[in-house]
Number of protein chains: 2
Amino acid sequence: MNAESAAPARRRLSRAEAKARTRSLLLDAAARVFARKGFTGASVEEIAEAAGFSIGALYSNFGSKEALFLELLADRHTDRIAEAAQALERHPSGTGEAAAELSRLLIAVADKDTDFAPLQAEFWLYAVRNPEVLDTMAANQRAPRHALEQVISTSLTRHDAPADVSAEAVATVVAALFGGLVRQRRIDPASVPEELFGDALRWLFTGIRTGAAAPSDTDDTA
Amino acid sequence: MNAESAAPARRRLSRAEAKARTRSLLLDAAARVFARKGFTGASVEEIAEAAGFSIGALYSNFGSKEALFLELLADRHTDRIAEAAQALERHPSGTGEAAAELSRLLIAVADKDTDFAPLQAEFWLYAVRNPEVLDTMAANQRAPRHALEQVISTSLTRHDAPADVSAEAVATVVAALFGGLVRQRRIDPASVPEELFGDALRWLFTGIRTGAAAPSDTDDTA
DNA sequence: GTCTATACTTAGATAGAC
DNA sequence: GTCTATCTAAGTATAGAC
């Protein structure tokens, strides 16, 4: 029932360790409460209670409610896009199995990790309303987005895609589609069946291989 | 400076007309303030002031802040998806010009109508957190989504797309991609250049014509 | 039908006890 | 390092004047 029995093989926690643990628990609780109530709707009292601490403990670890939120925004932005990139890497052979696994990932995120999409929406809204953190958000995207871009890049070259198709553009499209479909599934699950994301990816990559974008580049001259 | 000079050829407003006008102005102001501050962050005082009225006038027209928000959610949900469908209808010939016009629409929505995406996000968050309005949101989507579906359906049959590709599925993908790219452009405009949406649509429809989704349907038997 | 003044509630943040 | 008590500000909603 006490803290010592919960720790696996560790002695009593040092002061620094205890504080770090409190911080971590507060951040976890904050992610849940912010996702469910929104940034302004969430109260520091509710966050502190959800973590099992008092308001005072929260303010002893974070300067303000906003600072707590910004720490989440900067640190815990582990985009599910990174997982998508890993899923693609696991299936270098054909696009069929990769597409199926990405479909499963989308369904899992939408249906199981119910706090994910609302928290992302809160981050996005905060960034749009507070332009000073726009860079932070863009920076957070960079790593997972780059991973996705790399996987897509090798896939494009292997399938002899037209040279004018940039992996960055495709990665942006895939990520946007992922986020859009996750949201739509929360509104109307029937409209986003399990295989839809995989089907869309197959359509997309087949179309890219066929070289559909090239003709548009010469439109200006006509 | 007074109300009479503003009205074109109309006499003094009747009581009912004046009240309807007040309601309309309050709804307009509410849309702006909710988009900029969020549902919980917006105060009825700020909404009333933005409309040029007092708090009392607001409560004389709406039962509560929530009722005002819900009226916006139900009535002013004129999705930009409907415009996308119209843009597609204007170019029945080839996909090239239609794709270009949809690209322009996306850029216009993202860059000019800066309140649109945040307000949609607020609606979505509210619906996710208050499941009793999920049906309302789904119902709001139906009309514009159906229009988009019809345009896509005729386009699919004209181009001899595989019969197992449903227009509903494609419409969902197009709408999700639209929303996702609009949001991404607000975070990092450079990552969503003007032609990206059009390129993605060309890839998508080329891939569909090629019949890329068919093989996945027989996976179960293998 | 709209405005002014106000009652009531909640939430963010701080200070001092332990 | 965390908790209890409290101060202060802000916001929803109402009641009665005009």
Side-chain angles (χ1 to χ4, degrees), chain A residues 1-4 6-7 10-30 32-34 36-72 122 126 130, chain B residues 1-4 6-7 10-30 32-34 36-72 122 126 130:
Chain A
M1 201 70 172
N2 55 9
E4 299 171 62
R10 182 180 290 179
R11 274 183 5 91
R12 202 186 319 263
L13 279 64
S14 74
R15 262 178 260 269
E17 285 169 331
K19 180 148 194 175
R21 177 178 156 281
T22 301
R23 273 181 65 92
S24 178
L25 288 171
L26 282 167
L27 283 167
D28 288 341
R32 284 196 304 276
V33 178
F34 281 137
R36 305 223 233 273
K37 301 291 186 70
F39 172 64
T40 40
S43 70
V44 291
E45 182 181 17
E46 190 175 0
I47 294 171
E49 268 177 20
F53 295 94
S54 66
I55 299 180
L58 190 151
Y59 278 99
S60 133
N61 281 279
F62 302 93
S64 67
K65 174 178 158 181
E66 194 173 19
L68 174 55
F69 183 78
L70 288 175
E71 192 137 335
L72 271 180
E122 289 293 332
Y126 189 91
N130 304 83
Chain B
M1 201 71 170
N2 55 11
E4 299 169 64
R10 181 180 291 179
R11 274 181 7 90
R12 202 187 316 267
L13 279 63
S14 75
R15 261 178 261 269
E17 285 168 331
K19 179 149 194 173
R21 178 178 156 281
T22 302
R23 274 182 65 91
S24 179
L25 288 172
L26 282 167
L27 283 167
D28 287 341
R32 284 196 304 274
V33 178
F34 281 137
R36 306 222 232 271
K37 302 291 186 71
F39 172 64
T40 40
S43 71
V44 292
E45 182 181 17
E46 188 174 1
I47 294 171
E49 268 177 21
F53 295 96
S54 66
I55 298 181
L58 189 153
Y59 277 100
S60 136
N61 281 279
F62 301 95
S64 67
K65 174 179 159 181
E66 192 173 19
L68 174 55
F69 183 78
L70 289 174
E71 193 139 331
L72 272 181
E122 288 293 332
Y126 189 92
N130 304 83

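Note on naming: letters A, B, ... go to the chains in the order of the sequence lines (proteins, then strands), and numbering restarts at 1 for each one. Computation of the quantities below employed the complete heavy-atom set of this structure, encompassing side-chain atoms and omitting hydrogens, waters and symmetry-equivalent molecules. These figures come from a predicted structure and were not determined experimentally.
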Q.
What's the closest nucleotide to the side chain of A:Tyr59 if the choices are C:dG12, C:dT2, D:dT2?
A. C:dG12
**Q.** Whole-Å gap separating P (C:dT14) and CZ (A:Phe62)
**A.** 16 Å
Q) With no hydrogens and no angle check, is any side-chain donor or acceptor of A:Ser24 less than 3.5 Å from a backbone partner on A:Ala20? A) no
Q: Determine the contact category for A:Ala42: base if any of its heavy atoms lies under 4.0 Å from a base atom, sugar-phosphate if only primed atoms, P, OP1 or OP2 are that close, otherwise nothing.
A: sugar-phosphate
Q.
Side-chain N or O of B:Thr22 versus OP1/OP2 of C:dG1: is the shortest distance under 4.0 Å?
A. no
Q | Among D:dC3, C:dG12, D:dA13, the one nearest A:Ser54 by side-chain distance | A | D:dC3
Q | Nearest-nucleotide 5' precedence on DNA chain C, B:Phe53 against A:Ile55 | A | B:Phe53
**Q.** Between C:dT10 (C1') and B:Lys65 (NZ): distance, integer Å
**A.** 13 Å
Q.
Return whichever of A:Gly56 or A:Val44 has its heavy-atom-nearest nucleotide of DNA chain C closer to the 5' end.
A. A:Val44
**Q.** Heavy-atom pair with the smallest gap, counting every atom of B:Ile47 and B:Ala42
**A.** CD1-CB, 4.5 Å
Q | Nearest-angstrom distance from the residue atom CG of A:Leu58 to P of C:dT14 | A | 12 Å
Q: Measure the distance from CD1 on B:Ile47 to C1' on C:dC3 and round it to the nearest whole Å.
A: 18 Å
Q) Rounded to whole angstroms, how far apart are CD on A:Glu45 and P on C:dT9? A) 16 Å
(Q) Which heavy atom of B:Leu27 sits nearest to which heavy atom of B:Leu72, and what is that distance? (A) O-CD2, 3.7 Å
Q | Nearest to side-chain heavy atoms of A:Ser60, which nucleotide of D:dA13, C:dA13, D:dT2 | A | D:dT2
**Q.** Charged tip of B:Lys65 within 45° of B:Phe39 ring normal and under 6.0 Å
**A.** yes
**Q.** A:Phe34 and A:Phe69 aromatic ring geometry - parallel, tilted or perpendicular at 30°/60° bounds
**A.** perpendicular
(Q) How many whole angstroms separate atom CD of B:Glu46 from atom P of D:dG11? (A) 8 Å
Q | Whole-Å gap separating C1' (D:dT12) and CG (B:Leu68) | A | 13 Å
Q) Within the structure, does a side-chain N or O atom of B:Lys19 lie under 4.0 Å from either OP1 or OP2 of C:dG1? A) no
Q.
If I take atom CD in residue A:Glu66 and atom C1' in nucleotide C:dA11, what distance separates them, rounded to the nearest angstrom?
A. 15 Å
Q) What does A:Ser43 touch in the nucleic acid at a heavy-atom separation under 4.0 angstrom: a base, only the sugar-phosphate, or nothing? A) sugar-phosphate
